[in-house]
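Reading through the structure tokens given below for one structure.
Only this structure's heavy atoms are used, side chains among them; waters, hydrogens and symmetry mates stay out.
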Amino acid sequence: MSLLDSVLGKNARRFIKRKDSDAGELGLSLEEFRSSLYNDFSTSEGARRKQQIYCGPFVAMSFNFMISVGIIMANKLVMGKVGFNFPVALSLIHYVTAWFLMAVFRLFSLLPVSPPSKSTPFSSLFLLGAVMSFSTGLSNISLKHNSVGFYQMAKISVTPTIALAEFLFFSKKVTLYKVLALAVVSIGVAVATVTDLEFNLFGASISLAWIVPSAVNKILWSNMQQTGNWTALSLMWKTTPITIFFFLALMPLLDPPGLLSFKWDSNNLTAILISAVFGFLLQWSGALALGATSATSHVVLGQFKTCVIMLGGYLFFNSDPGIVSLCGAIVALSGMSFYTYLNLRASQDSAAATKQLLKQASFAQKTKTTADDEKSDAKITLDSFLDRDLKEIA
């Protein structure tokens, strides 16, 4: 240290101490931040409340929308420029990457705690993981064996399927105005996107088989988060291994041969990993949106993305889908705006009703406390009178 003092002067030691102090303060701040996150995620109830506070409907749906646009570009790069034409294998890589990233979160105590196993049986988690894999796999087969128009018609039919399933199994009723708004949305999306309806029996059968798991997948994700204390990440952590298992079983049946002979160089692998990261973010954002809204709203969001991408291509990239398709997209966006307005108004009414109930409960508790105090005062007064009378008698 004397040599350092002779070269740099007396301020060298002070400079080094200050840097050590800054590093110590930074480490302490990071440790406090990690501890606060750990305390928030140490219980499933606390993690669920944090998700509700920081990721409301607007934030979750905006996040999902932006990631959806990003993964479209990433998958176009992978399947177009790179030539990786193995959709089920690509989905498998997405889910393996997601599981690895969540394992890293868990290693640093950043993964929210799951609710107790008694609250959600393993059979429900197994069903959700299986349904998710079949929904993705059948969607890829449907797109492969059907025209784009028929595929879009199948996607539109998911909306009434969800409404019917929620009514049958969860007694959820949809108001007349919402039914009309959803009908306008479906008609607008059909006019905007359905340009050809090439029909073949095998493709139609696959589309019909895909509609049910797609609807059930969204309903289960939304219901398990809203009725239990599941967060998006904790539910993904439990179901992703099950989904990976089913993807491994489906991949030889659905993907074309030649996966092992694909050119796995650094450029192609980088593009696939970028797509995989976007896949994890898409799964996470979709789960957040389902937890913050409903299965029907999430389907409407998907149709909104389709219309916005079409209009964006027309406005910024000189694509020409045709005047009929543009009018259909505008009609669909109008129906979505009305549907969103109805949801916001219902949320405000629910919040107002909850606030009124809390006020009534608080008033009732205050009234009960006042009555108890009056009874206590009366008893004390009566006891004092009795004591005085007994003293006079004595």
Side-chain angles (χ1 to χ4, degrees), residues 23 26-55 59-60 62-64 66-68 70-71 73-75 77-78 84 88-117 120 122 125-126 128-130 132-133 136 221 224-225 228-248 251 264 266-292:
L26 178 60
L28 183 60
S29 300
L30 290 175
E31 184 63 27
E32 289 177 352
F33 175 70
R34 181 178 176 274
S35 299
S36 65
L37 286 178
Y38 177 77
N39 291 332
D40 292 336
F41 295 158
S42 59
T43 62
S44 58
E45 295 87 351
R48 174 65 179 153
R49 284 195 298 269
K50 285 295 180 182
Q51 178 176 300
Q52 290 174 334
I53 292 172
Y54 294 111
C55 196
V59 174
S62 300
F63 181 35
N64 184 239
M66 290 186 291
I67 296 300
S68 298
I71 199 171
M73 305 301 175
N75 285 346
L77 174 66
V78 170
F84 190 81
V88 179
L90 183 61
S91 299
L92 174 63
I93 294 172
H94 287 183
Y95 278 85
V96 170
T97 305
W99 185 86
F100 173 76
L101 292 174
M102 287 186 290
V104 173
F105 291 165
R106 193 167 186 263
L107 180 64
F108 289 96
S109 302
L110 298 178
L111 189 72
V113 175
S114 303
S117 56
T120 305
F122 177 75
L125 297 175
F126 185 84
L128 181 56
M132 191 186 309
S133 60
T136 305
W221 270 100
M224 289 181 71
Q225 287 191 76
N229 288 317
W230 288 98
T231 61
L233 280 176
S234 61
L235 194 54
M236 286 169 58
W237 173 252
K238 290 292 186 180
T239 57
T240 296
I242 302 170
T243 306
I244 291 173
F245 169 77
F246 277 96
F247 272 137
L248 288 172
M251 188 172 60
W264 294 95
S266 59
N267 292 331
N268 293 347
L269 186 60
T270 300
I272 292 172
L273 288 178
I274 291 173
S275 172
V277 172
F278 271 102
F280 163 68
L281 294 175
L282 180 68
Q283 186 188 358
W284 185 22
S285 63
L288 288 171
L290 284 168

ask   = Does the side-chain contact (heavy atoms from CB on, under 4.5 Å) test come out yes or no for Phe84 and Asn268, once each step is laid out?
value = CA-CA 9 Å; Phe84 190 81; Asn268 293 347; over 6 Å; no

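- Of all non-hydrogen atoms in Phe278 and Ala74, the two that sit nearest each other are CD1-CB, 4.2 Å.
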request  = Evaluate the side-chain contact (heavy atoms from CB on, under 4.5 Å) criterion for residues Phe246 and Met251: first the C-alpha distance (whole Å), next the side-chain angles of each, then the deciding distance (0.1 Å), finally the verdict.
outcome  = CA-CA 9 Å; Phe246 277 96; Met251 188 172 60; over 6 Å; no

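- Shown here for Leu125 and Lys238, the closest heavy-atom pair between the two residues is CD1-CB, 4.1 Å.
- Scanning all heavy atoms of the two residues, the minimum distance from Ser133 to Phe247 falls at O-CE2, 3.9 Å.
- The side-chain contact (heavy atoms from CB on, under 4.5 Å) test applied to Val96 returns Leu92, Ile244, not counting sequence neighbours.
- Between Phe280 and Trp284, the two ring planes are parallel [angle under 30°; tilted spans 30° to 60°].
- To the nearest 0.5 Å, atom CZ of residue Arg106 and atom CG of residue Leu233 are 13.0 Å apart.
- Atoms CD and OG, from Gln283 and Ser91 in turn, are 10.5 Å apart once rounded to the nearest 0.5 Å.
- With a 4.5 Å cut-off on side-chain heavy atoms, Ile272 and Trp264 count as touching.
- Ser285 meets the side-chain contact (heavy atoms from CB on, under 4.5 Å) test with Phe63, Asn64, Ile67, Leu282; sequence neighbours excluded.
- Nearest heavy atom pair, residue Ile242 against residue Ala130, reads CG2-N, 4.0 Å.
- Within the structure, side-chain hydrogen bond (donor to acceptor under 3.5 Å, both in side chains) pairs that include any residue of residues 92-103 comprise His94-Ser275 (at least two apart or interchain).
- Looking at Ser234, its side chain never comes within 3.5 Å of a backbone N or O of Trp230 through a donor-acceptor pair.
- Using a 4.5 Å heavy-atom cutoff, the side chains of Leu288 and Thr231 are not in contact.
- Across all non-hydrogen atoms, the minimal contact from Leu77 to Ala271 is CD2-CB, 4.0 Å.
- Looking only at atom types and distance, the side chain of Thr243 has no donor-acceptor partner in the side chain of Thr240 under 3.5 Å away.
- For the pair Gln225 (side chain) and Ala287 (backbone), a donor-acceptor distance under 3.5 Å is present.
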